[in-house]
Amino acid sequence: MKLHINIFKIIYYYIYIYIDTINAVVINALAFSKNGGNLLYSPCVNDFNEYAKENNLNITLQLNLFSELNSTATVRDYETSIDSLFQRKSSKYDLIFYDNIYSKRFGSHLINLNDILSKDHIDMYMEGVASQTCFYENKLVGLPLTVDITVLYYNQKYLYEYNKEVPKTWDELIDTGKFILDEEIKKNNTEFIAYNGLFSTFEIGICSLYEFIYSFRNSVESPFPEITSQEAVNALEKIKEIKETIASDLIFSSHEDFTKKKISDGNFLFLKFWHQPEYEKGYSITPLPGNKKGISGTTVGGHNLGISMYSSLDKRSEAITVFKYLTSIEMQRNYIAKNNYFSPIPRLYNEKEVCDIVDCDFFKNIQLIARPTSKTDDYISYAKKFKTYIYEFLYGNTSALDALKKVDNITKVYSVQLNIHDSYIGVILLVVTLIFSFLFLGSLIFLYINKFKSVFKFLPNDFWFLMIFGYILMISVFFVEIGEVTCMKCHIKVLILSFSFTLFLIPILYKLIVCFPEENNVVSKWVNSHKYYILLFFMTLDLILWGLMFITPYTVEKETFNEGKTYQICNMKNLFGRIIICFIYFYKILIFLTIFFLIFIEWNLKILHYDIRFLDIAFYIDSLIILTFIIISLIKFDDYTFYFVIKEILNITFATNNYNLIYGFRIIWGLMKKKHKEKSVDDLVNDLLKIADRQDNNFNINFNNNNNNNNNINVNVNYNNNFNININNNNNDNNNNNDNNNNNNNININNNINNNDSNVSIADLCDDSHANIIAGKPEDNRKASIISIMSQRIINYHYKTSLENISNIEESDITFILKSNIN
């Protein structure tokens, strides 16, 4: 009867446990079996589940172990498996055990523990290594559950036998190791190992290198030495000295299995390896030596615990409860410290309860340094390059400094600086840019020298100012390309180049449209009257397009050139942003082509003879420069500095080419012109009489000089009723001019002399100016296609030589205009 009762009790108990488990909230934790998941994490999980039952928490913690047996062919390792889960935003796992080198890699997928943990809970970890291994972008994304450290195992048997002490410095290790090694070789112990090094191609290799360099800092409180510092150079040279004195390439490059074998057979003096309590049986351990006594260095390994941000919100409170328990000081005391593992909570080594079990002084003297996981987003690639470059020195012929410079280049972002210590390139380009800018600005003074006014009539003075400013802007893009590259600099560069092209293209476009050789051209008249509105329109368009680019802004990316140096570049990844950039290019090219077309149309206009030809040369050279720029943009350069210099030279060449052929040549032209005396109206009439005398027909010239208050002078020249030349010279403020055109061929010249003595530009030559002399065959009365008619008109325009109506011309140019039209 009692037996039946006991059986019923047992069945009831298991049913109760099953029902309780079914109703409990299950928190899933993911760990890797190879990092101690089975041996270390399982007891902790069991402890929590017991604690949850005792306290009726209704929470069950389930540990899911990842191993090679349950991995798929597409998952290469544990970390890629976690990465895959995070990319899919999987809510399958709530707690994640991950290698502490991946805090940066996984940090964006883990919740910020500062928001859920108390300050006291966080502070007890911040006293230790957590400050080096648990942060991502200033967010606490995990806490260390286990910490692996490297130590120096030594075989006390050989030290006793040869009466040597445990080394505290690398020099002592070399001396002791060499002495005992030589003695053992004398005994024909050729398999004896004095020191293993562990500078292999695996992850332990970068651990060995990093902690060795750290051991060469100047004091315990000193940070990790600069990678190209003398301390780092001395550290590498010491590694090579150890290898060549008491070891070999084969021993130093051996993997961890070789070290385990030596620990097993005991035929060694010193071995560097991970601290594992089971390996201490028969051997002793000490912190790794340093360059000076009291200074050491030990790389941090181990695993952190974090909470997935994709964990179900319905279980978030329970997940936090589990996390707090697993990272409590009690768990660290019972499962880590008391089991002779290194605890991430330093205060535990001040507790008598712990120190009665383990050597607290040993753990207190461990000087931890985390691996350089924060140096780059891709630590694995960085570590591989780090080892490769250092091993070129250790196992090759590269100098220590050159190897360290290569390491520095992995993460160092280079840029062209205004610093002669880095390079003279930036300073030289700055000087060149400033020289050209001041030359461009200084040359504007010629606009106000009387001798040069006639050669600058092509454009109004204000448009010359804008054009020169455009050239200066073009070469000033240098100032946003030096120094650190930022997203804003990328955008400002686009705006500067866009404005610079607008400021030098639109004045030329305006001039050529105004001078278009079409009778009664409404467009030319409108453009002439609204030139500032046109310029404002294009600059506003530039601003609008530039502003739209901020919807999908530039990103700053790093690019490594073959020389091993990394530079930052602007990259527009988004399709919308690329479309905007392409549109900016398209409409600038469209303006460029329109100007080319107008140059062809107006090629034979005598009044623009030199202007058109110099414009043509300038724009052809511009085309070659732009083509060159496109070509070098497609070439992969080994040297970024060379690429940068070529780009800046093209910018400067483009600006100076346009300056010289559109503006600068006029200064030379003005200097070469013979100085002539300004002619009065009487002198001009005499010029007209001389011209009339050379014609086959008779001229009838009536000269009326009205010396009234209006001070009007009228000169009427009648040339056999074929020409009517009317010159009105008004010396009043109103300057009213009346043109009478009664014949087939009319030339109307109005010379206005204002009391303000304002400068009249040659742009006015094309105001309301239309030529009516067309070269070529007479029009065919037969029907023609639209294309043929348009083609014929374009050709006719191209061969047109004169302008019909010319206004606002200076006295000194009347003779020239008359000769252009009468001869």
Side-chain angles (χ1 to χ4, degrees), residues 25-35 37 41 45 59 61-67 70-72 74-117 121-122 125-126 129-147 203 300-327 344 370-383 555 557-558 573:
V25 176
V26 178
I27 300 299
N28 286 292
L30 180 64
F32 189 34
S33 60
K34 278 194 173 183
N35 62 35
Y41 301 149
V45 169
I59 302 172
L61 176 59
Q62 182 173 318
L63 181 64
N64 302 272
L65 292 175
F66 177 94
S67 67
N70 61 21
S71 64
T72 64
T74 58
V75 178
R76 290 177 297 176
D77 54 30
Y78 176 61
E79 280 68 32
T80 55
S81 179
I82 296 176
D83 219 0
S84 176
L85 290 169
F86 284 150
Q87 295 303 321
R88 291 186 283 111
K89 298 183 179 180
S90 172
S91 60
K92 184 176 181 180
Y93 301 106
D94 307 290
L95 302 180
I96 308 293
F97 293 91
Y98 65 93
D99 194 306
N100 59 37
I101 65 174
Y102 294 116
S103 287
K104 190 169 184 178
R105 180 176 175 179
F106 300 144
S108 60
H109 305 286
L110 302 172
I111 68 172
N112 187 357
L113 300 178
N114 284 315
D115 298 333
I116 63 172
L117 299 179
H121 194 103
I122 294 173
Y125 280 93
M126 290 304 105
V129 74
S131 59
Q132 298 185 54
T133 62
C134 298
F135 283 90
Y136 166 75
E137 293 183 352
N138 296 321
K139 295 188 298 182
L140 182 64
V141 295
L143 287 178
L145 206 64
T146 62
V147 175
E203 180 65 17
V300 176
H303 288 76
N304 294 348
L305 179 63
I307 303 176
S308 171
M309 67 165 46
Y310 310 116
S311 169
S312 173
L313 293 177
D314 295 335
K315 301 192 296 181
R316 181 61 56 81
S317 177
E318 288 79 5
I320 293 173
T321 299
V322 175
F323 184 91
K324 288 179 178 178
Y325 186 86
L326 293 180
T327 58
R371 281 166 281 179
T373 57
S374 61
K375 291 280 187 180
T376 176
D377 293 332
D378 187 0
Y379 166 74
I380 298 300
S381 176
Y382 174 83
T555 57
E557 296 186 347
K558 295 177 181 178
K573 290 184 175 180

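Values reported hereafter were calculated over all heavy atoms of this structure, with side chains retained and with hydrogens, waters and symmetry mates removed.
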Report summary line: Residues at least two apart in sequence or cross-chain that pass salt bridge (charged side-chain N to carboxylate O under 4.0 Å, His left out) with Lys315, listed by chain then number, are Asp94
List, one per line, each side-chain donor-acceptor pair under 3.5 Å for residues 129-139, sequence neighbours excluded.
| unit_1 | atom_1 | unit_2 | atom_2 | d |
| --- | --- | --- | --- | --- |
| Ser131 | OG | Gly128 | O | 3.4 |
| Gln132 | OE1 | Ala370 | N | 2.9 |
| Thr133 | OG1 | Val129 | O | 3.4 |

**Report entry** Residue pair Asn112, Leu140: steps toward the side-chain contact (heavy atoms from CB on, under 4.5 Å) verdict
**Finding:** CA-CA 5 Å; Asn112 187 357; Leu140 182 64; 4.1 Å; yes
Report summary line: ring pair (Phe, Tyr, Trp, His ring centres under 6.0 Å) filter on Tyr125, not counting sequence neighbours, yields none
Query raised in the report: Which of parallel (below 30°), tilted (30 to 60°) and perpendicular (above 60°) describes Phe97 and Tyr41?
Result: parallel
**Report entry** salt bridge (charged side-chain N to carboxylate O under 4.0 Å, His left out) against Lys92, all qualifying residues, sequence neighbours excluded
**Finding:** none
Requested in this report: Taking ring pair (Phe, Tyr, Trp, His ring centres under 6.0 Å) as the test, write out the residues that go with Tyr93, two or more places apart.
Outcome: none
Report task. Report the residues that fulfil salt bridge (charged side-chain N to carboxylate O under 4.0 Å, His left out) with Glu79, sequence neighbours left out, ordered by chain and then residue number. Result -> none
Query raised in the report: Tyr382 and Thr373: side-chain donor and acceptor closer than 3.5 Å?
Result: no
Query raised in the report: Quick one: are Asn304 and Tyr102 in side-chain contact, heavy atoms under 4.5 Å?
Result: no
Report summary line: Tested for side chain to side chain contact (heavy atoms under 4.5 Å, CB included) against Glu318, the lone hit among Leu61, Val26, Val25 is Val25
Report summary line: With Phe106 as partner, the option from Leu85, Val141, Asp83 fulfilling side chain to side chain contact (heavy atoms under 4.5 Å, CB included) is Asp83
Query - Residue pair Phe323 / Leu117, side-chain heavy-atom distance below 4.5 Å - result: yes
Query raised in the report: After noting the C-alpha distance and the side-chain angles of Arg371 and Tyr379, does the key distance pass the side-chain contact (heavy atoms from CB on, under 4.5 Å) rule?
Result: CA-CA 9 Å; Arg371 281 166 281 179; Tyr379 166 74; 3.3 Å; yes
Report task. For the pair Asn64 (side chain) and Ala29 (backbone), establish whether a donor and an acceptor sit closer than 3.5 Å, ignoring hydrogens and angles. Result -> yes
Report task. Apply side-chain contact (heavy atoms from CB on, under 4.5 Å) to the pair Ile380 and Asp378, showing each step before the final yes or no. Result -> CA-CA 6 Å; Ile380 298 300; Asp378 187 0; 4.0 Å; yes
